[in-house]
Amino acid sequence: MSTRFYPRYHLGNPQLRVFLPNFVMKLIKPPHPQPPNVATFIVSTQMTKFDIQNYLEKIYKVPVASIKTHIHMGEIKRSKVGGYLIKDDDYKIAYITMPKTETFEFPDLYPTEKEEAMEKEMNQIKLLQKDWSKKIQQHKHRPGMPSWFGA
Amino acid sequence: MSVLRQTRALFSTLATTLSRLHVSHTSVVTTVPAISVFHPLRVGKYTAGIHTSTNLRNLSEFFDDKKNWGEQEVKVGRSWKKDELRIKSNDDLHKLWFVLLKERNMLLTMEHDAKQEYRLFPNPERIDKVEDSMKNLEDVVVERNRAYWMLETGETGERPAGVITDDLGIRRRRQFCQHFIPSWMHHRKKETIHRGAAVCKFQRLMREKNFVTKRRYYRRVRGHVYMLWRRFPNMNVEALQQQYPEVDVRLLRKHKKARGHHLQNEA
């Protein structure tokens, strides 16, 4: 349950117990549409299906019916500058099927209300900037003139 | 069982448990019963306060607090320091580890989604803070474990390591592996150790390279000491020797390179 060194196992050895699991799991939006009771994760490439099941059931208390994993090879591309090869990291993607009673839909993490509020603020700032530049124009050809005087 | 029936069943169990709670107005309630939040009269059937599929709440731990979604800045505290972790008990550290792990998962999930959506991920240093805290926690646990093992057994329980000379003759620090058979059964015969002409040549050149770097270093130190003697002929010799222990400072003082244009040197 960790990326650390595992000692060798011989028949009759005690069960290895890891108290500080090192693995990290990212919940992602599936690249292809999935049924409602399927959640998609990117997990450490060293994780097995048993590891994933224990992790979710014990740490997050998520019931797991079945797991399908595969290691996705990172893209190999050429650099635009220099023409050398670049490879993205490999990652393991896991499709966790939960019991049919459970459903999960990846939420939209960027609510439109906040975005609209931000845009409004930016527009107001732009208007203020315009007004200010216009105001400065009044005394462009009179350096040192106090702004108390009007146009 | 349909969602509606499940909700009704849940409420019925809550109602019965509440009726069993005998809390009189005169008695002092020392513990707040957790069920009081979900009083059936206050909570409707279809509010978001209760989920019949408990899964939703558990997977929502992979996401940040809802009020932080779409924010430009999220304020957080600093990472845990080692001294702060050393005063905690093992149980506390164990619990803290999982808290940090879940937080790390949550932050990485949010970062990944931000990258996919080409959006700003606020305060990415949060991930570094969590990772620092986890590293410090692990270091503290390793300290305690090592101390315990040394007291009980006289050796650390960690993977043994040592300095070995590899096939190219370079001394490296290597962590040892476990084998099914003892070393005298698998130890390589001298004939199979690769020591051909190429390796000999490599070792010769490597030794030369190391010697050259060492020579350059000593020359640099000597040159610096000469310069110091030239500029400051009345230095404290013991202090200078302490600063440059690799060279004999007294010997260098007598060299012509250490002679400066001073009154005592004029004819």
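Chain letters run A, B, ... following the sequence lines, proteins first, then strands; residues in each count from 1. Quick note: numbers below take in every heavy atom, side chains included, and nothing from hydrogens, waters or symmetry partners.
Heavy-atom proximity under 4.5 angstrom to chain A picks out B:R159 from residues 146-163 of chain B. Within residues 104-119 of chain B, the residues having any heavy atom closer than 4.5 Å to a heavy atom of chain A are B:R104, B:N105, B:L108, B:T109, B:M110, B:H112, B:D113, B:A114, B:E117, B:R119, listed by residue number.
With a 4.5 Å cut-off on non-hydrogen atoms, A:E113 does not touch chain B at all. Looking at A:F19, both its backbone and its side chain come within 4.5 Å of chain B, counting heavy atoms on both sides. Only the backbone of B:N68 has a heavy atom closer than 4.5 Å to any heavy atom of chain A.
Counting only N and O atoms by type, the side chains of B:S133 and B:N136 include no donor and acceptor under 3.5 Å apart.
Side-chain contact between A:M47 and A:T69 is absent, with no heavy atoms from C-beta onward closer than 4.5 Å. With a 4.5 Å cut-off on side-chain heavy atoms, A:I28 and A:I93 count as touching.
Across all non-hydrogen atoms, the minimal contact from B:P122 to B:Q72 is CB-O, 3.5 Å. The shortest non-hydrogen separation linking B:L101 to A:P21 is CD1-O, 3.7 Å. The two atoms that bring A:D90 and A:T45 nearest to each other are O-CG2, 4.1 Å, heavy atoms only. Closest of all the heavy-atom pairs between A:R78 and A:G83 is NH1-O, 2.7 Å.
Judged as a ring-ring contact (aromatic ring centres under 6.0 Å, His included), the pairs with a partner in residues 60-85 of chain B (not counting sequence neighbours) are, in order, A:F41-B:F62, A:Y60-B:F62, A:F106-B:F63.
For B:R144, the salt bridge (Lys or Arg N to Asp or Glu O under 4.0 Å) test picks out no residue, with sequence neighbours left out.
With A:Y6 contributing its side chain and A:L16 its backbone, the two residues share no donor-acceptor pair below 3.5 Å.
With respect to the salt-bridge test (charged N to carboxylate O, under 4.0 angstrom), the residues B:K135 and B:D139 qualify.
Per-residue heavy-atom pair counts under 4.5 Å with chain B were compared for A:K29, A:M118, A:R8, A:K26, and the maximum is reached by A:R8.
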